[in-house]
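Okay, structure first, notes after.
Lettering follows sequence order; numbering is per chain, from 1. All heavy atoms count here, side chains included; hydrogens, waters and symmetry mates do not.
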Amino acid sequence: MKKEISYERYQRQMILPGFGEEAQQRLSDARVLVIGAGGLGCPALQYLTAAGVGTIGMADGDMVSLSNLHRQVLFHTSDIGKNKAEVAAAHLQQLNPEISIMSIPENVNNQNLLQLLTGFDIVIDGTDNFATRYMINDACVLMNKILVYGAVSRFEGQVSVFNYPLKQEERSSNYRDLFPEPPKEDEVLNCADAGVIGVLPGIIGTMQASETIKLITGQGNPLVNQLLTFNAMTNQFFTMKVAAKKETVSLIPDTAAAFQATDYAWLCGASFQVSEIDAHTFDGLIGQHHIDVVDVREPDEIPLVSEFQHLRIPLTQIATASEQLKSDTVVVFCQSGKRSRQAAKLLSEQFGTTKSIHSLQGGILAWKTFCQTK
Amino acid sequence: MKTDILLFGQLAEQVGAKQISLEGFSDSETLIKALQQQYPVLSQSKYIVAINQEIISGNTALSDNSIVALLPPFSGG
């Protein structure tokens with residue numbers, strides 16, 4: 001049985017030329033999965049919910065933290081410490097009680113993703129790291145799902161529509177036609193380390209929602225075989241053609257078993273052996289005498305840390321300044337836990353087994369969040 | 001023969017310019033080599049190359065006033 005559509009709720013879009021009841025019905029029948037309810041996912045979810053997409057799933061295992069709120073505008077200050085997917089689902093259901101909203105309060109991985117995709121037609125990538133982006137791309141190719149891609153860095157963003165069905169077996173280009181192999185961990189910074197202006201993921205995530213609505217209703221020209229870039233500082237848009245390449249096929253696992261056996265974190269260079277400790281363990285360690293705690297961020301980075309004693313040695317100097325470390329146990333931290341992993345790796349290579357080196361997982365942001373919720 | 005090079009994302013910050021103009025290059029490979037020599041940071045960064053708004057994979061001929069864009073991958077969300 002078809003769901004009853006509220007004409008009043010959707011009146012402003014239904015009166016558009018070429019839209020009408022049919023397009024609204026298509027939206028109502030559509031099933032969209034948003035992976036990552038963050039800077040990109042929040043605006044995408046809000047507009048898709050408002051537009052009446054009938055089934056919306058969202059997967060995110062992270063908790064809302066204070067440093068998310070400048071760009072993840074679906075969340076309130078009172079949501080800090082709660083799971084993003086669950087909080088997002090509650091807010092969105094209030095926005096539109098007529099649609100089905102499914103929250104998946106866990107991060108996608110190579111074991112759960114394929115099964116999850118079976119219930120959806122279109123996937124929106126709102127994640128924040130290469131390992132997950134390559135994994136989602138490969139899964140969508142394997143499962144014949146359309147992928148609406150968006151990514152940001154500082155003041156610039158990228159949008160594209162991947163794996164769109166063209167004719168017979170043929171599909172449009174995907175992420176690996178653009179960037180065949182993932183970059184190594186130190187080649188590119190993430191948002192927590194590079195920074196991002198809040199409205200930028202708002203713009204890019206909204207464009208992902210716009211592309212999704214076009215795909216569902218069959219209107220306009222979605223970014224199939226094209227990559228769009230936007231610069232918020234110069235207001236410049238560039239659109240580039242991206243052709244599907246024959247050799248891309250060989251880079252993507254061709255069976256579910258091969259996909260589940262692929263270590264995406266390793267492909268993205270994130271799996272070198274580093275001992276990581278979580279915010280809770282870190283909290284128990286600080287203040288102890290026999291431990292050196294080191295901030296490896298650059299001197300001007302915020303938030304400043306005044307809660308506990310620590311050394312400040314930027315990652316760029318850690319290899320040459322290690323004589324400052326006197327204790328047998330060293331804990332390094334940065335903003336997000338990414339640079340501190342590199343620092344821990346460098347120190348481990350230098351000290352071997354003479355010192356026990358640990359990196360704070362999730363960085364100082366994770367510890368600050370932990371302190372707010374404990 | 002003139003080529004305009006557009007730099008995106010962190011490449012613009014690393015090189016210190018969003019746009020560079022160079023003379024006398026007839027294919028993408030020699031152009032990229034010359035850029036890497038002038039800006040060594042480019043040989044340590046990951047990016048793809050588009051000529052006149054089309055992403056290329058191999059060495060490609062340049063015509064006069066070609067626009068070459070260097071695009072790094074973004075991971076943020």
Working for side chain to side chain contact (heavy atoms under 4.5 Å, CB included), residues B/Ser57 and A/Lys245
CA-CA 9 Å; B/Ser57 39; A/Lys245 289 183 280 194; 3.8 Å; yes
Please test B/Glu54 against A/Val242 for side chain to side chain contact (heavy atoms under 4.5 Å, CB included), starting from the C-alpha separation and ending with a verdict.
CA-CA 7 Å; B/Glu54 200 157 323; A/Val242 192; over 6 Å; no
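A/Tyr175 touches chain B through its side chain: at least one heavy atom from C-beta onward sits under 4.5 Å away, while N, CA, C and O do not. Neither the backbone nor the side chain of A/Ile204 comes within less than 4.5 Å of any heavy atom in chain B. Of the two parts of A/Thr132, neither the backbone nor the side chain holds a non-hydrogen atom closer than 4.5 Å to a non-hydrogen atom of chain B. Looking at A/Asp125, neither its backbone nor its side chain comes within 4.5 Å of chain B, counting heavy atoms on both sides. Contact of A/Thr127 with chain B is made through the backbone alone, with heavy-atom distances under 4.5 Å.
Here the CG-CG distance, from A/Leu227 to B/Leu71, works out to 6.5 Å after rounding to the nearest 0.5 Å. If you take CG on A/Asp128 and CZ on B/Phe74, they are separated by 15.0 Å, rounding to the nearest 0.5 Å. For the atom pair CD of B/Glu13 and CZ of A/Phe155, the computed distance is 7.5 Å after rounding to the nearest 0.5 Å. Rounded to the nearest 0.5 Å, atoms OG (B/Ser75) and OH (A/Tyr134) are 10.5 Å apart. Rounding to the nearest 0.5 angstrom, the gap separating the CD1 atom in B/Ile56 from the CE atom in A/Met240 is 12.5 Å. Distance check: B/Asn52 CG to A/Lys241 NZ gives 10.0 Å after rounding to the nearest 0.5 Å.
Under a 3.5 Å cut-off, the side chain of B/Gln53 and the backbone N or O of A/Thr239 do form a donor-acceptor pair. A/Gln158 places a side-chain N or O within 3.5 Å of a backbone atom of B/Pro72 that can act as its donor or acceptor partner.
The ring pair (Phe, Tyr, Trp, His ring centres under 6.0 Å) analysis of residues 5-40 of chain B, with sequence neighbours excluded, yields the pairs A/Phe238-B/Phe8. Judged as a salt bridge (Lys or Arg N to Asp or Glu O under 4.0 Å), not a single pair has a partner in residues 67-77 of chain B (not counting sequence neighbours).
In terms of heavy-atom pairs under 4.5 angstrom with chain B, the leader among A/Gln72, A/Glu247, A/Glu181 is A/Glu181. Interface summary for chain B: among A/Gly38, A/Pro180, A/Gly39, A/Ala151, the most heavy-atom pairs under 4.5 angstrom belong to A/Ala151.
Atom CG of A/Asn221 sits in a sparse spot, with 12 or fewer heavy atoms from other residues, nucleotides or ligands closer than 6.0 Å.
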